[in-house]
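Everything below concerns the one structure shown next.
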Amino acid sequence: MPCTVVVGAQWGDEGKGKIVDALSAEADLVARYQGGPNAGHSVIRGERTIVLHLIPSGILEPGKRCLIGNGVVIDLEKLHEEVEKLEALGVDVRPRLGVSSSAHLILPYHKVVEAVAEQGAGAIGTTGRGIGFAYRDKAARTGLRIGDLADRDAFVARADRNLERLRREYPEASLADTSGARLFDELTPLVRWVLPLVSDVSYELHSALKAGKRVLLEGAQGTLLDLDHGTYPFVTSSSASAAGAPLGVGLGPRAVDKVIGVAKAYATRVGLGPFPTEMPEDEAARLRAAGEEYGATTGRPRRCGWLDLPALRYAARINGLDELVVTKLDVLDEFDEIRVAIDYEIDGSPPPSFPASAADLERCRPVWRAFPGWQCATTGARAWSDLPEKAREYLAFVEREIDVPITTVSVGASREAEVRRTG
Ligand code: GDP
């Protein structure tokens, strides 16, 4: 593996947390490359479900170094909370955690203005954590970074300028009582806490790779929520696809050896935006209940649909997938018929390629193929031959259609519930 990227091949929530947790056993360092604390990776360890938001899932693996890259946006309060929670569970986090000094900060004013913006006509169904506004400041070159916390005066001056601008832009946002100085003073205990964790993530990873160590780069969300390649504007504000991985940790693209995509055996999406294979609500309710499809961070019910092969082929192309891991196969165990979108049609004709515009994707109608369900439990399967024949046929079809080998199939939430394919 020297440097492997794990990327969501759908709209996020594919079960990447479990896969990264399993792969981190083989890695020396695990780094998160984009996103903020909206991403909730759920990892099951024994009886316990641990939800990680900012810290790489590798933290649960003893002895692994975990890094938060420059591509991530950090809410100090949330990071602190997460570290405390993990330490209360006996995980030694701080000696193994490094945070890039170039990672941008989510500041309280980002959340205040996001709440106002999401009331208006331009709402896109964000998680309300200020993430998009922190990335907006980053692109506008008005953001404040972890490294800026070391210089109070410069921080205060820039925060004041940002507040002044936001007050003009969002007069209805309650920003009157705040100031840069007040903000910094309120953050001071967290600043003291975080500065010892600051690391040159790029240098650390580069040196580790040079020394023959193995690195795992972990994303959040999924390809169809990528800022550039997702269903814009219903996307996240960062580069969730594999190309964002080296960028978000400070490595060159040639440092990456392998890209592993993760996709559910069906599809879900949260928030607004086109979702061609979405099911009618009665059917979705059944799948949502079987797959426990509620947001790990917000508890929001996820929209549910069948597997979308045009979208998965697109994800294979955008990420250059070497392998695909299919998760949650067991969720389909009870269904008597399983549907898959094999293509799209717009006004009766196939689009020439995956539509770049959300409006065009909205007009796409899936061309369906139905598979008979296997209607037996797959959770106990540990070898390919343990899977029911109908499930194997379904997986073989998917693999042929997207031209990417399926190397692992996850058949339950627990760590051991997976089938690794050999040969
Ligand atoms: P992530 O953000 O991509 O890590 O995905 P989430 O953690 O939000 O969602 C994955 C959810 O599915 C978690 O609750 C996992 O414990 C659970 N999960 C992962 N793989 C499987 C699987 O194969 N079967 C079942 N039933 N649950 C799974």
Side-chain angles (χ1 to χ4, degrees), residues 5-24 30 32-60 72 82 127 216-226 236 238 240-241 260-271 286-304 307 315 319 324-335 377-382 386-387 391 394-395 406-420:
V5 176
V6 177
V7 64
Q10 297 166 311
W11 278 276
D13 310 313
E14 296 94 347
K16 294 178 296 296
K18 174 184 161 175
I19 304 305
V20 174
D21 181 45
L23 286 172
S24 52
V30 185
R32 172 83 185 270
Y33 62 82
Q34 49 70 237
N38 55 342
H41 292 316
S42 319
V43 180
I44 297 195
R45 274 304 172 87
E47 300 287 290
R48 205 170 260 147
T49 301
I50 301 170
V51 182
L52 296 157
H53 300 282
L54 275 167
I55 300 177
S57 317
I59 202 74
L60 302 176
V72 177
E82 194 170 333
T127 51
L216 190 62
L217 303 180
E218 170 190 359
Q221 292 97 26
T223 309
L224 291 147
L225 294 178
D226 180 276
T236 196
S238 57
S241 59
I260 302 179
V262 184
K264 284 192 245 215
Y266 49 94
T268 61
R269 110 164 263 174
V270 285
R286 186 175 170 206
L287 190 59
R288 189 178 299 125
E292 294 176 46
E293 295 296 352
Y294 295 90
T297 299
T298 58
R300 285 194 288 185
R302 294 175 181 149
R303 296 161 66 192
C304 296
L307 191 66
N319 296 302
L324 187 73
V325 174
V326 173
T327 62
K328 296 191 130 179
L329 185 76
D330 56 299
V331 172
L332 299 180
D333 285 353
E334 305 279 310
F335 285 77
T378 54
T379 299
R382 295 293 175 269
D386 295 340
L387 291 171
Y394 174 68
L395 294 167
I406 295 173
T407 51
T408 303
V409 181
S410 174
V411 289
S414 71
R415 195 178 187 184
E416 58 284 357
E418 65 169 29
V419 172
R420 283 206 193 194

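As the structure lists them, so they are numbered: ligands from 1, and atoms in each ligand from 1. One is the number of the first residue; the rest follow in order along the sequence. Keep in mind the model is a prediction, meaning the values are calculated, not measured. We use all heavy atoms of the structure for the numbers below, so side chains are in, but hydrogens, waters and symmetry mates are not.
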Handout entry: Donor + acceptor pair across side chains of T327, K18 (<3.5 Å)
Key = no
Handout entry: Side-chain donor or acceptor of E14 paired with backbone N/O of G222 under 3.5 Å
Key = no
Problem - Flag, side chain of D226 to backbone of A240, donor-acceptor distance under 3.5 Å - result: yes
Problem - Donor-acceptor under 3.5 Å (R303 side chain, G271 main chain) - result: yes
Handout entry: Those atoms of ligand 1 less than 4.0 Å from some heavy atom in S410
Key = 20 (N), 21 (C), 22 (C), 23 (O)
Practice task
Give a yes or no answer on whether the side chain of D333 reaches the backbone of T378 with a donor-acceptor pair at less than 3.5 Å.
Solution key: yes
Practice task
Just go through A413, G412, S57 and tell me whose heavy atom is the nearest to atom 16 (O) of ligand 1.
Solution key: A413
Fill in the blank from the handout: side-chain contact (heavy atoms from CB on, under 4.5 Å) with E218: of V6, L52, V30, D21, only one passes, and it is V30
Problem - Min N/O separation L329 to ligand 1 under 3.5 Å - result: no
Handout entry: Residue pair D386 / V411, side-chain heavy-atom distance below 4.5 Å
Key = no
Fill in the blank from the handout: In terms of its nearest heavy atom to atom 8 (O) of ligand 1, the top option of E292, R302, Q221 is R302
Fill in the blank from the handout: Atoms of ligand 1 under 4.0 Å from any heavy atom of G17, numbered from 1 in the order shown, are 1 (P), 4 (O)
Exercise for the section: Have a look at L52, D13, D330, T327 and point out the one with the heavy atom closest to atom 24 (N) of ligand 1. Expected result: D330
Problem - Heavy-atom proximity to atom 5 (O) of ligand 1, best of G12, G8, G15 - result: G15
Problem - Heteroatom distance test (K18, ligand 1): nitrogen or oxygen, under 3.5 angstrom - result: no
Handout entry: ligand 1 atoms in contact with V411 (distance to a heavy atom under 4.0 Å)
Key = 23 (O)
